[in-house]
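Since the structure is predicted, the reported quantities are computational estimates derived from the model, not experimental observations. All values below were derived from every heavy atom in this structure, side-chain atoms included, with hydrogens, water molecules and symmetry-related copies excluded. So you know, we letter chains A, B, ... as the sequences are listed, proteins then strands, and number each from 1.
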There are 2 protein chains.
Amino acid sequence: MDGEMAQAPNEKAARLIDVARRANVSRATAARALGGYGLVTQSTRERVMAAAAELNYRVNELARSMRSGRSLTIGVVVADIANSFFNKAIRAIIETASQAGYQILVLNTDDEIERERNAVKVLIEKRVDGLIVVPASQGEYEHLVVESEPEVPVVLLDRRVDSGEIDFVMTDDRAAAGQAIRCLVSAGHTRIGLLVATAAVQGYSQEMPAAVVGTVRDRVDGAKAALAELGLSARPEWYRFSQSRVETARKAAIEILTSPEPPTAILATNEDVALGALGAAAELGIEVGGELSIIAFDDAPWAGVFRPPLSVIRRPVASLGAAAVELLLRKIEDGTYRNSQILEAELVNRQSVAPPPAKR
Amino acid sequence: MDGEMAQAPNEKAARLIDVARRANVSRATAARALGGYGLVTQSTRERVMAAAAELNYRVNELARSMRSGRSLTIGVVVADIANSFFNKAIRAIIETASQAGYQILVLNTDDEIERERNAVKVLIEKRVDGLIVVPASQGEYEHLVVESEPEVPVVLLDRRVDSGEIDFVMTDDRAAAGQAIRCLVSAGHTRIGLLVATAAVQGYSQEMPAAVVGTVRDRVDGAKAALAELGLSARPEWYRFSQSRVETARKAAIEILTSPEPPTAILATNEDVALGALGAAAELGIEVGGELSIIAFDDAPWAGVFRPPLSVIRRPVASLGAAAVELLLRKIEDGTYRNSQILEAELVNRQSVAPPPAKR
DNA sequence: CTGAAAGCGCTTACAG
DNA sequence: CTGAAAGCGCTTACAG
């Protein structure tokens, strides 16, 4: 009768019971027809569907979640959503999760442990079914093991913590750093600097900060080990640990490049510090891919277009995001399921690596 | 008594009633003490707080939301979360919203209207308190006016639609494009091409697709109007409308640059197509900031470090995101509040603009 | 195959 | 200042 009016504005949103009444069934039956579970006759289902359409019914997921105990929501806690590596990962996470019917609640921490703790707390209160976290600290992870029943499964992305209890999905950055060093050395370099991005320092420093995250440590250790294997070592003056900001990294790189006997090659551990190194070279009039060789972690969108095209370590970021979701979903199904993953990275040697200048 | 045991794993999560019992008060009183509203004596509050801490109580926001009718969640529907403009905007949105106690549910549409419709539907079902949308289409917006009571306010980001009913926060792209053209013309250019990013086309085309979004149209119209004002016109061969992918845009740019009488300058309407133009120039051995001048929309992180440093139109992306949230929050408070905003963009002329080559 | 009832965990009037 | 009761909108056993 008022079928024509059903979508008029300013009507109270229809509830399940409104649909049920219009279809002349009980709420239970209406729920079954709409939810596609349990048994309903074809004709009942059609009647309910029609009623729902006429009333423009939208299920209240809040109510559904409360009753069913599953929110179909995953919380993502990330260091910096504006970083190109993380945002490609998030894109893959959103994609993979939504295919499975899950939505994503994203929080940013800027790698601050306090904000991470708070983010986890908020997400637990929102009753997410699981958590994907890029942890800010390797040692402080108590907030990540969520004790209550039902347990909230956690998967770490890109980094691990000092607990065997929490699964992670990351790349083999130790091996990747080694690959980069070997590439540089076989091009003839013996003086190789390291520009390392880390949230564990204000500004930048020459010493590795103690609180550095595992992934950062892997990259540094991997580089050092490869160097040692090749009979090389690195001077402290060639190292800088900088926060992940282009401007800060630029200053740090300038120090490296103006040291008495500067390196002829630099390994930069992420997009921001790579940009800093490139900026420093430009400012000092040093030709990249000529006087100075550079390899950077992560194949940022601009890297291949840069002059010279930048040699990079390409990490399988979309696979990493997808794998994190898949692992998390399995853990949501089965609380005892355990399975960390380490994916391989690939060196894409474009044109920012060249033999070192002959002058000595 | 079992205070020490309170955090033991595998206990059922404490509920309000558990806290209430332990503190010897009613649920209502416990809720008031915890929620910080209503009246409670100091000593009662302390007792409740202590009980909550001992039980490691976490409020169930799902239940709270259902009862209170507010989910403290905002839905964000964006074309491409991996685009540097949008992800900086999202960063600002998350920041601003979380300061006000709201969390963000993000969905990606790749500028597909069907996915946008579905995203809005899902978010409504999750009972978000409001929606920030980068709409994929200017004409199809029925799904964005959510009719039921209570109304779900919507703010458009970066784009508007053909409805006066929906508020938006965007930049004055028409003016910005005009500014870019004037900069190019005063450097001496008369042959200026346009490389336009749009989701309204597969691959790329010379004609402007009909379904192009308002922001794209603004940029093209703004450029054309400025050209006309200066007594110049543009040849169709100098125009390409390309989907927002570096590789596609590169091919389109190559066509422009190899046309019989190629332009000496190009205006690129976003990061992806700017990268395409730069890639094309490199491939053709054309020197940017010499033979070819380029201005791009959006100050991507790499733009200032590029060789030559890229001249760009810098849009106030963080302000845009923050403004969208603030507007939305006001609308959530007051359903009748209306207020669109158009922010100004700024031309940052670095070194990719130079006089055209003298040869003719 | 369908329905009546209970209940998820809160908050909101309403009494007192 | 505190408590008993109702209710937000669903789904889940349990009967029939």
Side-chain angles (χ1 to χ4, degrees), chain A residues 11-49 51-52 55-73 101 124-129 148-150, chain B residues 11-49 51-52 55-73 101 124-129 148-150:
Chain A
E11 271 180 32
K12 276 245 174 293
R15 296 153 307 164
L16 181 62
I17 196 168
D18 301 317
V19 175
R21 282 207 257 262
R22 175 176 272 253
N24 254 305
V25 295
S26 69
R27 285 183 301 161
T29 301
R32 282 187 279 254
L34 257 15
Y37 58 92
L39 301 175
V40 213
T41 43
Q42 178 67 10
S43 76
T44 306
R45 161 166 292 115
E46 280 167 7
R47 216 147 22 96
V48 172
M49 293 304 212
L55 295 173
N56 194 24
Y57 172 71
R58 299 284 172 85
V59 67
N60 185 329
E61 280 290 348
L62 252 29
R64 165 128 79 187
S65 297
M66 188 156 62
R67 186 63 242 248
S68 69
R70 321 182 82 227
S71 64
L72 296 181
T73 305
I124 298 288
E125 291 180 349
K126 288 238 190 241
R127 293 305 191 257
V128 295
D129 293 330
S148 59
E149 267 290 308
Chain B
E11 271 180 32
K12 274 245 173 294
R15 298 153 305 164
L16 182 63
I17 196 167
D18 302 316
V19 175
R21 281 206 259 261
R22 175 175 273 253
N24 253 305
V25 295
S26 68
R27 285 181 302 160
T29 300
R32 282 188 280 255
L34 258 14
Y37 59 92
L39 301 174
V40 213
T41 43
Q42 178 67 13
S43 75
T44 307
R45 162 167 291 116
E46 281 166 8
R47 218 149 18 98
V48 172
M49 295 303 211
L55 295 173
N56 193 25
Y57 172 70
R58 298 285 173 85
V59 65
N60 184 328
E61 281 290 348
L62 252 27
R64 165 128 80 187
S65 298
M66 188 157 63
R67 185 63 242 248
S68 69
R70 321 180 83 227
S71 64
L72 297 181
T73 306
I124 298 290
E125 290 180 350
K126 288 239 191 240
R127 291 306 192 258
V128 295
D129 292 331
S148 60
E149 267 292 306

>> Distance check, rounded to the nearest 0.5 Å: B:R32 atom CZ versus B:R27 atom CZ?
In response: 11.5 Å

> Would you say the side chain of B:D18 lies within less than 4.5 Å of the side chain of B:R15, judging by non-hydrogen atoms?
Replying inline: yes

> Taking atom CZ of A:R67 and atom CE of B:M66, what is their separation to the nearest 0.5 Å?
Replying inline: 10.5 Å

> Counting only N and O atoms by type, is there a donor-acceptor contact under 3.5 Å from the side chain of B:K126 to the main-chain atoms of B:S71?
Replying inline: no

>> My understanding is that only one of A:L34, A:N60, A:V59 makes a side-chain contact (heavy atoms from CB on, under 4.5 Å) with A:L16; could you say which?
In response: A:L34

>> Give the residues of residues 62-73 of chain B touching DNA chain C, defined as any heavy atom closer than 4.0 Å, sorted by residue number.
In response: B:A63, B:R64, B:M66, B:R67

> Pairs counted as Watson-Crick or G-U wobble with both distances under 3.5 Å: what dot-bracket string results for DNA chain C, using | for bases tied to another strand?
Replying inline: |||.||||||||.|||

> Which sits closer to the 5' end of DNA chain D, B:R127 or B:V25, going by the nucleotide each is nearest to?
Replying inline: B:V25

> Measuring from A:N56:CG to B:I124:CD1, what's the distance to the nearest 0.5 Å?
Replying inline: 10.0 Å

> So where does chain A start and stop touching DNA chain C, 5' to 3', when the test is distance under 4.0 Å to a non-hydrogen atom?
Replying inline: C:dC1 to C:dG9

>> Are A:R47 and A:T44 packed together at the side-chain level, in the sense that at least one heavy-atom pair is separated by less than 4.5 angstrom?
In response: yes

> How far does OH of B:Y57 sit from CE of B:M49, to the nearest 0.5 angstrom?
Replying inline: 11.5 Å

> Once you round to the nearest 0.5 Å, how far does CD of B:E61 lie from CG of B:L72?
Replying inline: 6.0 Å

> Atom CG of B:L62 and atom OG of A:S68: how far apart are they, to the nearest 0.5 Å?
Replying inline: 8.5 Å

> When you match B:V40 and A:L16 each to their closest nucleotide on DNA chain D, which lands nearer the 5' end?
Replying inline: B:V40

